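The shown structure was predicted, so the numbers you read here are calculated from the model rather than taken from an experiment. Values below: every heavy atom of this structure, side chains too, minus hydrogens, waters and symmetry copies.
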Amino acid sequence: MLKGTGASAGVGIGHALVVKEQNLDYSAVQFAGQQQETERLKEAAAAVSQRLSNMAAEMTEKVGEHAAEILSGQIMMLNDPFMMGQMEEQIAAGNVAEAAVDSVCQTFIAMFSGMEDELMRQRATDIGDLRARLLKQLLGLPDVDLAHAPAGTVIVAQDFTPSMTVGISRENVVGIITEIGGRTSHSAILARALEIPAVLGVPGAADTIQNGDEIAMDGEFGHVYVNPDERTLKDYEERRAEFEHQRQMLKAYLGKPTVNADGRAVGLYANIGKPEDAQAALEKGAEGIGLFRTEFLFMDRDSLPTEEEQMNAYRQVAALFAGKEVIIRTLDVGGDKEIDYLHMKKEENPFLGHRAIRYCLDNPETYMIQLRALLRAGADHKNIKIMLPLVTGLEEIRAAKAMLEKAKKELAAEGLPFDANAQVGVMIETPAASQIADLLAQEAAFFSIGTNDLTQYTLAVDRGNPDVASLYTHFHPAVLRSIANVIKAAKTAGIPVGMCGEAAADPALIPLLLSWGLDEFSVSASAVLATRRTISLWSQQEADDVRAEAMNLSSVKGIQGYLASMIKK
């Protein structure tokens with residue numbers, strides 16, 4: 001058995017089709033002069049850009065705009081004058097177009113690969129894919145074509161790139177295995193969009209597995225069996241049938257209210273990073289947006305987005321979710337989210353440094369543009385709520401609210417429509433915020449618990465460091481007590497409290513959250529229906545009983561084991 005990361009749920013049974021990396025050696029290419037090499041580069045870039053545009057259109061039709069955005073991001077990189085300018089400088093120095101592409105892309109790959117955040121590291125993967133496209137175009141090599149893969153194919157490759165999705169048949173491809181990638185990688189996003197089981201990060205998979213090998217794989221647990229025995233094969237066939245049954249069963253929860261077994265309603269929202277993600281969230285049954293990460297509007301560009309650009313992006317989501325809440329987090333930069341044109345200082349420890357609300361309050365001109373855009377975007381539907389990230393004290397909330405009042409006065413004086421009653425809430429993601437949640441509730445209109453950072457900061461564990469990954473868990477008693485304290489403070493103050501971290505979709509944690517009285521669960525769009533089903537299975541009394549037992553346990557292993565045993569199927 002081979003082991004990797006389960007990245008797209010489901011069971012795949014079929015025969016391996018091993019996709020080997022193409023030889024991109026350009027050492028034999030001769031320099032033909034600066035003008036000719038520059039023309040070759042531009043022609044290759046134009047051809048690749050057109051190819052990407054065609055692929056994006058096909059992907060939008062096949063699996064939706066969300067997945068196609070990965071390709072659109074590559075087109076933006078290709079049209080970035082800075083990146084192309086650097087390549088032309090390399091050519092001017094006497095390098096062939098291939099070497100210019102290779103050198104500049106490798107520089108960017110090294111820069112993004114060193115970042116802590118998985119989303120930032122994905123930029124390295126995208127640039128690597130773009131590098132390969134440009135080199136293949138320059139060398140006259142064809143793209144990998146999986147359009148004619150036979151029925152029952154399990155794709156085995158170093159990576160599953162966007163180009164591989166073109167023409168791919170979900171009926172014929174039953175599984176994907178790669179050597180690199182994780183749950184949040186673009187490989188995983190594409191596999192989930194195509195609803196194909198995937199196991200990523202399997203060391204040496206493309207060398208260990210041979211063409212035609214029989215494969216049985218589990219995309220939830222990350223297990224891959226090569227040429228399994230009869231007993232294992234039968235077990236996986238039964239698992240596959242059960243998974244398909246469960247998937248069909250979840251469709252019954254589409255369009256249904258989110259209620260527990262007693263009929264108590266809770267909100268079930270979605271987390272998004274771009275306006276385009278909102279459509280997928282709506283189609284998956286989200287009842288609102290619990291976290292709109294606005295920093296992605298500021299990336300992949302060389303200047304600050306204007307007030308009009310920001311307003312249009314926020315208004316697009318507000319219109320799509322008219323009558324439903326849209327919680328938008330103000331700019332959360334710093335840490336591992338570097339944006340060159342913001343001229344942020346290099347810090348020894350950026351995760352504890354000048355980031356998020358701290359940066360925004362110290363850069364009022366930049367922040368004011370966003371606050372004005374948010375107020376204006378809420379004018380029509382009055383459903384936008386503003387959330388402040390990384391708050392550690394009352395002073396930060398008061399300062400942000402003072403700026404918001406100033407923005408309202410400016411907009412009123414200019415005669416521009418805006419939502420004068422937009423609520424301001426706090427993302428609880430630091431131990432300080434959880435400890436003084438009762439005080440923060442005096443100023444905040446709502447809370448949203450960000451368990452990803454709350455867990456990291458509470459346990460002093462870098463969630464991007466594999467050496468301490470085993471210590472990073474929201475089942476630690478300290479994290480659970482923090483969550484309980486925040487919910488209790490919100491209930492006492494009479495303000496709503498939600499959760500927008502990964503933990504909100506964890507079926508083992510849901511009974512505790514229901515028992516404590518969480519009002520709103522915000523999860524990835526793909527997890528909406530499964531979360532709705534899990535919530536529906538628990539009565540208040542059952543949830544209370546589980547919570548009482550779990551909170552009497554003292555170890556992570558004990559708590560996690562007990563809660564896992566109580567998951568309702």
Side-chain angles (χ1 to χ4, degrees), residues 1-8 12 14-26 48 51-52 55 67 70-71 73-74 77 98 101-102 105-106 108-110 112-114 118-139 141-149 153-168 173-194 196-213 215 217-219 222-226 466:
M1 184 190 79
L2 304 178
K3 185 76 172 68
T5 299
S8 181
H15 291 88
L17 175 61
V18 182
V19 180
K20 294 289 187 180
E21 290 291 295
Q22 290 173 287
N23 184 359
L24 300 177
D25 179 29
Y26 53 84
V48 170
R51 173 77 168 149
L52 286 168
M55 289 165 57
I70 296 169
L71 292 171
Q74 291 192 17
M77 289 181 203
E98 289 85 350
V101 167
D102 196 14
C105 287
Q106 293 290 11
F108 280 100
I109 289 168
F112 285 116
S113 295
E118 176 69 21
L119 290 170
M120 293 296 99
R121 290 199 297 272
Q122 279 312 302
R123 294 177 183 276
T125 302
D126 287 344
I127 294 169
D129 194 28
L130 191 60
R131 167 188 170 274
R133 288 183 201 283
L134 286 168
L135 288 176
K136 281 189 286 185
Q137 183 67 35
L138 286 164
L139 294 168
L141 299 173
D143 271 335
V144 174
D145 181 16
L146 296 173
H148 301 102
T153 292
V154 176
I155 296 171
V156 183
Q158 183 185 25
D159 194 9
F160 183 65
T161 65
S163 60
M164 292 181 182
T165 65
V166 178
I168 199 170
V173 176
V174 297
I176 297 166
I177 300 169
T178 70
E179 295 183 353
I180 63 176
R183 271 202 59 81
T184 58
S185 69
H186 283 169
S187 305
I189 292 170
L190 291 167
R192 289 195 291 268
L194 290 163
I196 297 174
V199 179
L200 310 184
V202 181
D207 293 322
T208 305
I209 301 172
Q210 304 298 313
N211 269 322
D213 280 347
I215 302 294
M217 55 177 289
D218 189 318
H223 297 160
V224 176
Y225 284 90
V226 183

Discussion item. Just verifying a value: how many Å separate Leu139 CG and Tyr26 OH, rounded to the nearest 0.5 Å?
Written reply: 9.5 Å
Worksheet entry | Gap between atom CG of Asp129 and atom CG of Asp159 - 0.5 Å precision | 7.5 Å
Fill in: From CG (Leu134) to CD1 (Ile127), nearest 0.5 Å
11.5 Å
Practice prompt. Before giving the answer on side-chain contact (heavy atoms from CB on, under 4.5 Å), spell out for Leu130 and Leu52 the whole-Å C-alpha distance, their side-chain angles and the decisive distance to 0.1 Å.
Written response: CA-CA 10 Å; Leu130 191 60; Leu52 286 168; 4.2 Å; yes
Worksheet item: Would you say the side-chain atoms of Ser8 pair up with the backbone N or O of Gly219, donor to acceptor, closer than 3.5 Å?
Response: no
Worksheet item: Taking atom NZ of Lys136 and atom CZ of Arg131, what is their separation to the nearest 0.5 Å?
Response: 11.0 Å
Practice prompt. Find out whether Lys3 and His223 are in side-chain contact, i.e. whether some heavy atom of one side chain is under 4.5 Å from a heavy atom of the other.
Written response: yes
Worksheet entry | Pairwise side-chain contact, Val18 with Asp213, heavy-atom cut-off 4.5 Å (strictly under) | no
Discussion item. Using a 3.5 Å distance criterion without hydrogens, assess whether the side chain of Thr178 forms a donor-acceptor pair with backbone atoms of Ile180.
Written reply: yes
Discussion item. With a 4.0 Å cut-off on N to O distance, would you call Lys20 and Asp207 a salt bridge?
Written reply: yes
Response to the item:
Given the options Leu2, Val154, Leu200, Ile177 meets side-chain contact (heavy atoms from CB on, under 4.5 Å) only with Val154
Fill in: Distance-only side-chain donor-acceptor flag, Gln74 / Arg133, under 3.5 Å
yes
Item to complete: Would you please test Ile155 and Leu146 for side-chain contact (heavy atoms from CB on, under 4.5 Å) and show each step?
Response: CA-CA 9 Å; Ile155 296 171; Leu146 296 173; 3.3 Å; yes
Discussion item. Distance check, rounded to the nearest 0.5 Å: Leu17 atom CG versus Ile176 atom CD1?
Written reply: 11.5 Å
Worksheet entry | Close side-chain approach of Val101 and Glu98, heavy atoms under 4.5 Å | no
Discussion item. Looking at every heavy atom in both Val156 and Ala16, which two are closest together, and how far apart are they?
Written reply: CG2-CB, 4.1 Å
Discussion item. Within this structure, what is the CD1-CD distance for the pair Ile209 and Glu179, rounded to the nearest 0.5 Å?
Written reply: 9.0 Å
